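Just so it is clear: chains get the letters A, B, ... in the order the sequence lines come, proteins before strands, and each one is counted from 1. Everything quoted here is computed from the prediction, not taken from an experiment. We use all heavy atoms of the structure for the numbers below, so side chains are in, but hydrogens, waters and symmetry mates are not.
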There are 2 protein chains.
Amino acid sequence: MIRFAVVGHLASTDPGFSLNDMPGGAGRMDILCRCVNTSLFLSHGLRRDVECYLVLNGGPSGPKTVLFSGEQVRYLSPDERSAGALIKKALGVPAGLAFRESTPGVFVRKGGLLELVKEHRFAILDERGNDIRSAPVPDDSFLLSDHMDLTADEQALLEGAPRYSVGPVTIHADHAITVLLNQRDREAAGL
Amino acid sequence: MIRFAVVGHLASTDPGFSLNDMPGGAGRMDILCRCVNTSLFLSHGLRRDVECYLVLNGGPSGPKTVLFSGEQVRYLSPDERSAGALIKKALGVPAGLAFRESTPGVFVRKGGLLELVKEHRFAILDERGNDIRSAPVPDDSFLLSDHMDLTADEQALLEGAPRYSVGPVTIHADHAITVLLNQRDREAAGL
């Protein structure tokens with residue numbers, strides 16, 4: 001199992017956000033939707049061994065966490081609107097402290113990074129870390145940030161976390177996921 | 001300069017296509033929009049040395065080719081709708097045999113792969129090629145296909161083209177672009 005968690009610092013928790021304005025009114029929800037895509041999609045199928053957690057810290061009721069399970073998800077297409085529509089449905093479900101399924105393979109709960117780091121030990125993908133090609137990465141849970149840097153409070157929650165870099169230039173979170181999975185695919189194939 | 005060309009076998013050439021239905025009515029235009037994103041976007045900037053050609057083979061007036069120039073493009077955001085909106089504007093411009101600028105850094109012309117292969121020698125990115133990590137890739141122009149395989153006619157136009165693979169599993173065209181650019185970034189940085 002490989003886990004990705006992406007922090008959406010402004011990402012809306014309003015189920016009424018517009019699929020036509022995900023970069024604006026929905027608080028860069030487009031980034032999170034592309035991370036769902038790059039985490040889960042193969043050319044003709046899904047990565048069944050990957051989970052993608054979206055931490056939505058925006059108003060009006062954040063933080064909430066939406067989980068896409070590669071093993072169980074249905075009704076997901078690669079385009080941004082498809083992931084966005086499933087996130088909207090998840091946000092429309094009354095959320096408690098435990099994950100609740102909103103559509104097949106998509107789950108939602110109250111709480112954000114504070115709760116998530118109690119359950120999984122995350123490594124951080126960022127440009128200051130060790131190159132993922134320099135040695136096989138032992139971790140299986142990876143945290144990324146959206147267009148904003150992790151806050152001081154978030155950094156404190158992740159104190160001591162290993163840091164890995166996917167390359168020499170700073171790229172978008174969704175692109176970093178693609179590069180990491182390529183490296184994992186190669187290692188699994190003995191390349 | 002690195003060039004990507006992506007063949008959209010069903011991609012609409014109707015400027016009236018709906019941004020709300022790019023996977024359906026617009027003939028998997030969502031794939032082409034994501035290829036624009038992965039070709040051109042860095043975390044805080046654009047890849048100024050990359051060009052992305054979209055070959056739109058769908059009705060009613062295909063083939064047409066839309067070019068996004070990383071050096072010149074403006075008004076482009078990373079989300080699919082943003083690229084889609086610029087493609088719609090390009091399709092609304094009367095197109096001739098020469099590229100004509102529709103918005104800054106976006107160009108359109110009549111004609112498709114037949115014309116493009118006369119101007120650039122393309123290598124093909126597909127899973128049967130040589131691993132891009134096995135030796136530095138000398139090519140700078142790369143062709144990819146959307147969700148459909150290249151047709152026999154298209155294969156004939158590309159006879160003798162080098163083929164490169166980005167990894168051991170078959171991934172989407174936009175993801176393959178990300179992996180190739182990561183390899184190029186590493187080579188440029190001496191990694």
Side-chain angles (χ1 to χ4, degrees), chain A residues 18-24 26 28-31 33-34 37-45 47 77-85 126-127 131-134 145-147 149 165-191, chain B residues 18-24 26 28-31 33-34 37-45 47 77-85 126-127 131-134 145-147 149 165-191:
Chain A
S18 169
L19 293 176
N20 297 348
D21 187 24
M22 290 204 281
R28 296 309 308 271
M29 192 70 78
D30 62 311
I31 299 174
C33 292
R34 288 194 297 280
N37 168 306
T38 57
S39 295
L40 297 184
F41 277 95
L42 292 169
S43 189
H44 298 288
R47 292 184 181 272
S77 297
D79 59 300
E80 289 169 16
R81 285 179 75 89
S82 173
D126 85 18
E127 57 272 28
D131 187 350
I132 59 168
R133 290 200 200 173
S134 63
S145 193
D146 60 0
H147 63 302
D149 289 334
S165 159
V166 301
V169 298
T170 308
I171 59 177
H172 283 216
D174 53 315
H175 301 176
I177 290 171
T178 299
V179 175
L180 182 88
L181 287 171
N182 177 258
Q183 181 64 19
R184 282 295 172 103
D185 290 340
R186 288 170 170 274
E187 291 170 4
L191 294 179
Chain B
S18 170
L19 293 176
N20 297 346
D21 187 25
M22 291 204 281
R28 295 311 308 271
M29 192 69 80
D30 62 311
I31 298 174
C33 293
R34 287 193 297 280
N37 168 307
T38 56
S39 295
L40 297 184
F41 277 96
L42 291 170
S43 188
H44 299 286
R47 292 183 181 273
S77 299
D79 59 301
E80 290 168 15
R81 285 179 75 89
S82 173
D126 86 15
E127 57 271 30
D131 187 351
I132 58 167
R133 288 201 203 173
S134 63
S145 192
D146 60 358
H147 63 302
D149 288 334
S165 159
V166 301
V169 298
T170 308
I171 59 177
H172 283 217
D174 53 315
H175 302 176
I177 289 171
T178 299
V179 175
L180 182 89
L181 287 171
N182 176 258
Q183 181 64 21
R184 282 294 171 105
D185 290 340
R186 288 170 171 275
E187 291 169 4
L191 294 180

Exercise. Who among A:Ile171, A:Val166, A:Asn20 has the most heavy-atom pairs with chain B under 4.5 Å?
Worked result: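 Among the listed options, the one with the most contacts to chain B is A:Asn20.
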
Exercise. Among A:Pro78, A:Ser134, A:Ala176, which residue forms the greatest number of heavy-atom pairs with chain B at distances under 4.5 Å?
Worked result: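 Of the candidates given, the most pairs with chain B belong to A:Pro78.
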
Problem set entry | Set of residues satisfying ring pair (Phe, Tyr, Trp, His ring centres under 6.0 Å) with respect to B:His172, sequence neighbours excluded |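 Here the qualifying residues are A:Phe41, B:His175.
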
Problem set entry | More than 12 heavy atoms from other groups under 6.0 Å of CG on A:Asp149 |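 For A:Asp149, atom CG is not crowded (no more than 12 foreign heavy atoms under 6.0 Å).
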
Greatest number of heavy atom pairs closer than 4.5 Å to chain A - which of [options]:
options                               : answer
B:Pro168, B:Ala188, B:Cys33, B:Ala189 : B:Pro168
B:His147, B:Met22, B:Arg133           : B:Arg133
B:Leu181, B:Leu19, B:Asn37            : B:Asn37

For this session: Pick one of side chain, backbone, both or neither for B:Arg184, based on which atoms fall under 4.5 Å of a heavy atom in chain A.
Result: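 Contact with chain A: none, neither part.
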
For this session: Go through the structure and list residues passing side-chain contact (heavy atoms from CB on, under 4.5 Å) with A:Asp79, not counting sequence neighbours.
Result: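 So A:Asp79 forms a side-chain contact (heavy atoms from CB on, under 4.5 Å) with A:Ser77, A:Arg81, A:Ser82, B:Pro23, B:Asp30, B:Arg34, B:Glu80.
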
Problem set entry | Distance in Å, B:Asn182 CG paired with A:Asn182 CG, rounded so as to fall on 0.5 Å steps |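 Taking CG in B:Asn182 and CG in A:Asn182, the distance rounds to 8.0 Å.
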
For this session: List the atom of B:Val169, the atom of A:Arg47, and the distance in Å for their closest heavy-atom pair.
Result: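 For B:Val169 and A:Arg47, the tightest heavy-atom pair comes out as CG2-NH2, 4.2 Å.
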
